[in-house]
Amino acid sequence: MHPISEILRNRLLQHLPVALDGIGTLRLEHTPCERIEQGRRLAPPSRTVVLDWGQFEAPTLSRLVADCYQLPAEGVASMIDEWRGACADENNGLWIEGVGAIFPSEGCFSADPALTEQLNSLVFGPVTLPQPRESRERNRGPMPAPRKKSPHSYRLPILVALIAAGALAYLIFYLLQHTSLLTP
């Protein structure tokens, strides 16, 4: 693999865009999960390399090569020209080893399958979603109606209140008879 192609490939594997002088910007595009088969299965997310024609918002390849080899711009221009000559194919396009094929005259870019596979190496196949839980009515029948308050539901609180009042009365009686705490 040509060293400049390797710089370009490594930059894309780091999920960073690269502007190619006179062509456009290579960048990664993320495709989120999609529901397939009537919403029961999820296709995994994926990343693909795309070429934005005529957009140069990322660092240029010549700048990246200059930074990598610590060369002036003049030296880098001749290296880029040599690299383009090595990557040129008979169909007026560029075959960048490890990245893909660019055909500027046709406005076409095709990513290298090995690069796409490496970008998506941790992605597994489609996932089947579990069945939704059935509602209560299908499992156990309808919910019962709430109970109405009966006069018998107040027996226990009234009994507890009477016992507490009796205990308090006995405490007061005991304190009056046996201590001088409550006497004036």
Side-chain angles (χ1 to χ4, degrees), residues 1-140:
M1 183 182 298
H2 195 280
I4 295 180
S5 298
E6 194 170 339
I7 291 171
L8 183 58
R9 179 182 172 85
N10 288 339
R11 177 90 175 169
L12 290 171
L13 286 174
Q14 293 172 3
H15 304 239
L16 300 170
V18 180
L20 301 175
D21 297 322
I23 298 174
T25 301
L26 283 172
R27 64 175 178 83
L28 290 183
E29 188 172 84
H30 182 265
T31 304
C33 295
E34 293 179 0
R35 288 186 182 264
I36 52 177
E37 295 181 18
Q38 301 175 358
R40 297 280 307 128
R41 291 174 55 102
L42 287 178
S46 64
R47 293 182 200 98
T48 55
V49 180
V50 295
L51 178 61
D52 293 332
W53 297 93
Q55 294 185 6
F56 305 101
E57 298 170 1
T60 62
L61 183 60
S62 56
R63 192 183 107 208
L64 294 172
V65 172
D67 291 346
C68 182
Y69 291 110
Q70 299 175 352
L71 296 172
E74 300 82 31
V76 172
S78 64
M79 286 180 72
I80 296 287
D81 290 339
E82 174 199 329
W83 170 73
R84 280 195 176 184
C87 293
D89 70 350
E90 64 274 356
N91 296 330
N92 218 11
L94 292 174
W95 168 251
I96 305 169
E97 186 181 0
V99 176
I102 301 173
F103 298 102
S105 59
E106 299 171 14
C108 180
F109 170 74
S110 176
D112 186 4
L115 176 63
T116 304
E117 184 179 326
Q118 192 170 1
L119 287 169
N120 297 306
S121 62
L122 297 178
V123 176
F124 302 100
V127 176
T128 303
L129 297 174
Q131 287 281 3
R133 298 181 79 192
E134 294 187 22
S135 70
R136 180 178 172 83
E137 292 178 10
R138 281 190 250 162
N139 291 339
R140 292 177 261 165

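It should be emphasised that the depicted structure is a prediction, and the values quoted were computed from it without experimental measurement. The figures here come from the full heavy-atom set of this structure, side chains too, leaving out hydrogens, waters and symmetry mates.
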Check your understanding: With sequence neighbours excluded, what pairs up with Ala101 under the side-chain contact (heavy atoms from CB on, under 4.5 Å) test?
Key -> Trp95, Phe103

Check your understanding: Is any side-chain heavy atom of Pro45 less than 4.5 Å from a side-chain heavy atom of Pro32?
Key -> no

Point to revise | Interatomic distance, Glu97 atom CD to Met1 atom CE [nearest 0.5 angstrom] | key: 5.0 Å

Practice item. Please identify each residue that fulfils side chain to side chain donor-acceptor pair (under 3.5 Å) with Gln118, with sequence neighbours left out. Key: Arg9

**Study point:** Spacing of Cys68 atom SG and Arg11 atom CZ [to the nearest 0.5 Å]
**Key:** 12.0 Å

Point to revise | Separation between CD of Glu6 and CD1 of Ile4, rounded to the nearest 0.5 Å | key: 11.5 Å

Review point. Considering all heavy atoms of both residues, which atom of Thr116 and which atom of Ala111 are nearest to each other, and what is their separation?
Key: OG1-CB, 3.8 Å

Study note, to complete from the structure: What one should report as the nearest heavy-atom pair of Thr25 and Pro17 is CG2-CB, 3.9 Å

Practice item. Working to the nearest 0.5 Å, report the span between CD1 of Ile7 and CH2 of Trp83. Key: 10.0 Å

Check your understanding: Looking at residues at least two apart in the chain, or sitting in another chain, which of them share a side-chain contact (heavy atoms from CB on, under 4.5 Å) with Leu71?
Key -> Tyr69, Val76, Met79

Sequence neighbours excluded and cut-off under 3.5 Å, please list the side-chain donor-acceptor pairs for residues 58-67, or say none.
unit_1 : atom_1 : unit_2 : atom_2 : d
Thr60  : OG1    : Ser62  : OG     : 3.3
Thr60  : OG1    : Arg63  : N      : 3.2
Ser62  : OG     : Asp21  : OD2    : 3.3

Check your understanding: Of all residues at least two apart in sequence or in a different chain, which pass the side-chain contact (heavy atoms from CB on, under 4.5 Å) check with Leu28?
Key -> His15, Arg47, Val49, Leu119

Revision key, fill the gap. Sorted by chain and number, sequence neighbours left out, side-chain contact (heavy atoms from CB on, under 4.5 Å) with Glu29 holds for Arg27, Thr48, Val50

Practice item. Please examine the side chains of Leu20 and Leu94, heavy atoms only from C-beta on, and report whether any two atoms are closer than 4.5 Å. Key: no

Review point. Quick one: CD1 on Ile23 to CD1 on Ile102, what's the gap to the nearest 0.5 Å?
Key: 5.0 Å

Exercise for review: Could you tell me the separation between the CG atom of Leu13 and the CG atom of Leu8, rounded to the nearest 0.5 Å?
Suggested key: 10.0 Å

Check your understanding: Where is the tightest heavy-atom contact between Ser5 and Ile96, given as atom of each residue plus distance?
Key -> OG-CG2, 3.7 Å

